[in-house]
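In this chain, numbering begins with 1 at the start of the sequence shown. The basis for the numbers below is simple: all heavy atoms, side chains too, and nothing from hydrogens, waters or symmetry mates.
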Amino acid sequence: MNTIKRIFLLSFIAISASTAAMAQFAWGPKVGVALNTIHFNKEIINDVVNSENQAGFTGGIMMEFTAPVINLGFDASLMYVHRPSVKSGNGETASRDYIELPINLKYKIGLPVVGHIITPYVFTGPSFAVLVGKKEITEAFENKSFDMAWNVGVGLQFFSKLQIGASYAFGLSNAITSKVGITSDGSVDGKNRYWTVTAAWLF
């Protein structure tokens with residue numbers, strides 16, 4: 001029995017090592033658009049701020065590792081993100097600029113016959129962002145210097161080079177908070193929630 005266990009263990013190690021050795025690495029530029037909403041913990045009157053569906057952009061570089069046998073891997077990106085976040089009652093748009101690091105577990109769905117032309121994939125993972133530039137909404141609010149979110153998304157890969165992906169991110173930390181109570185029941189905090197559509201060209 002011990003011999004069988006050793007053989008099984010050695011076989012598992014050999015398969016794992018060979019899979020790691022064959023892991024495919026790719027990298028390339030990545031650009032996209034983001035549709036951002038601030039989800040407040042309390043209702044905010046639109047005359048004060050309007051946080052719904054503000055469009056911004058993102059750009060940077062992505063790297064990807066994929067195990068070819070199981071089509072499972074991960075990607076990580078270093079991105080600059082511009083988020084017009086809310087509009088104040090006088091029509092001015094407040095914006096926030098981030099350096100963002102999304103890290104995703106990615107599974108590519110192999111298709112017979114056309115797999116070398118088009119490959120669907122799904123992904124999920126955390127995103128970490130550091131605030132590098134801002135324009136305040138009003139004197140009543142301040143932006144937090146760090147933001148964390150969780151992404152879920154789908155995409156298509158074409159000819160093993162071009163990846164078009166769409167994701168939705170749920171804010172896990174407060175991205176914005178009121179300096180003073182602007183409602184009768186205390187301060188107001190807001191989390192980022194955003195759609196992102198990106199295109200990446202991998203080498």
Inset, instruction - Could you tell me which non-hydrogen atom of Ala166 sits nearest to which non-hydrogen atom of Val197, and how far apart they are? - result: CB-CG2, 4.2 Å
Legend entry - Side-chain heavy atoms of Arg96 within contact of Asn192, under 4.5 Å: yes
Legend entry - Check: Ser173 side chain, Met148 main-chain N or O, donor-acceptor pair, under 3.5 Å: yes
Legend entry - Between Phe170 and Trp150, ring centroids under 6.0 Å: no
Legend entry - Any side-chain heavy-atom pair of Phe159 and His116 under 4.5 Å: no
Legend entry - Flag side-chain contact, heavy atom, 4.5 Å: Val130 against Tyr98: no
Legend entry - Expected output: side-chain Thr58 to main-chain Tyr80 donor-acceptor under 3.5 Å: yes
Inset, instruction - Please report the shortest heavy-atom distance between Ser77 and Leu101, naming the atom on each side. - result: O-CD1, 3.0 Å
Inset, instruction - For residues Lys191 and Gly171, report the shortest heavy-atom separation together with the two atoms involved. - result: CD-O, 3.3 Å
Legend entry - Pair Gln163-Lys106, side-chain donor/acceptor within less than 3.5 Å: yes
Inset, instruction - Give the cluster check for Val154 versus Met62: same hydrophobic cluster or not, with ILVMFWY residues linked at side-chain heavy-atom distances below 4.5 Å. - result: no
Legend entry - Nearest non-hydrogen partners of Asn71 and Gly110, listed with the distance: ND2-N, 4.0 Å
Legend entry - Test item: side-chain donor near acceptor, Gln24 and Thr66, under 3.5 Å: no
Inset, instruction - Verify, without hydrogens or angle tests, whether Thr124 (side chain) and Asn151 (backbone) share a donor-acceptor contact under 3.5 angstrom. - result: yes
Inset, instruction - Decide side-chain contact (heavy atoms from CB on, under 4.5 Å) for Arg83 and Asp97; before the verdict, give the C-alpha distance in whole Å, the side-chain angles of both, and the deciding distance to 0.1 Å. - result: CA-CA 6 Å; Arg83 298 193 193 285; Asp97 298 331; over 6 Å; no
Inset, instruction - Could you walk me through whether Leu156 and Phe158 pass the side-chain contact (heavy atoms from CB on, under 4.5 Å) test, one step at a time? - result: CA-CA 7 Å; Leu156 291 173; Phe158 300 92; 3.8 Å; yes
Inset, instruction - Look at the side-chain heavy atoms of Ile, Leu, Val, Met, Phe, Trp and Tyr, link any pair under 4.5 Å apart, and say whether Val122 and Leu72 land in one connected group. - result: yes
Legend entry - Aromatic ring pairing Tyr121/Phe123, orientation class (parallel under 30°, perpendicular over 60°, tilted between): tilted
Inset, instruction - For side-chain contact (heavy atoms from CB on, under 4.5 Å), just list the numbers for Lys30 and Met63, CA-CA rounded to whole Å, side-chain angles, deciding distance to a tenth of an Å, and then say yes or no. - result: CA-CA 10 Å; Lys30 183 178 179 181; Met63 64 176 183; over 6 Å; no
Legend entry - Check: Asp189 and Ile176 side chains under 4.5 Å, non-hydrogen atoms: no
Legend entry - Side-chain donor-acceptor pair present, Arg193, Asn36, cut-off under 3.5 Å: no
Inset, instruction - Taking all non-hydrogen atoms of both residues into account, name the closest pair between Tyr194 and Ala149 and its distance. - result: OH-CB, 3.7 Å
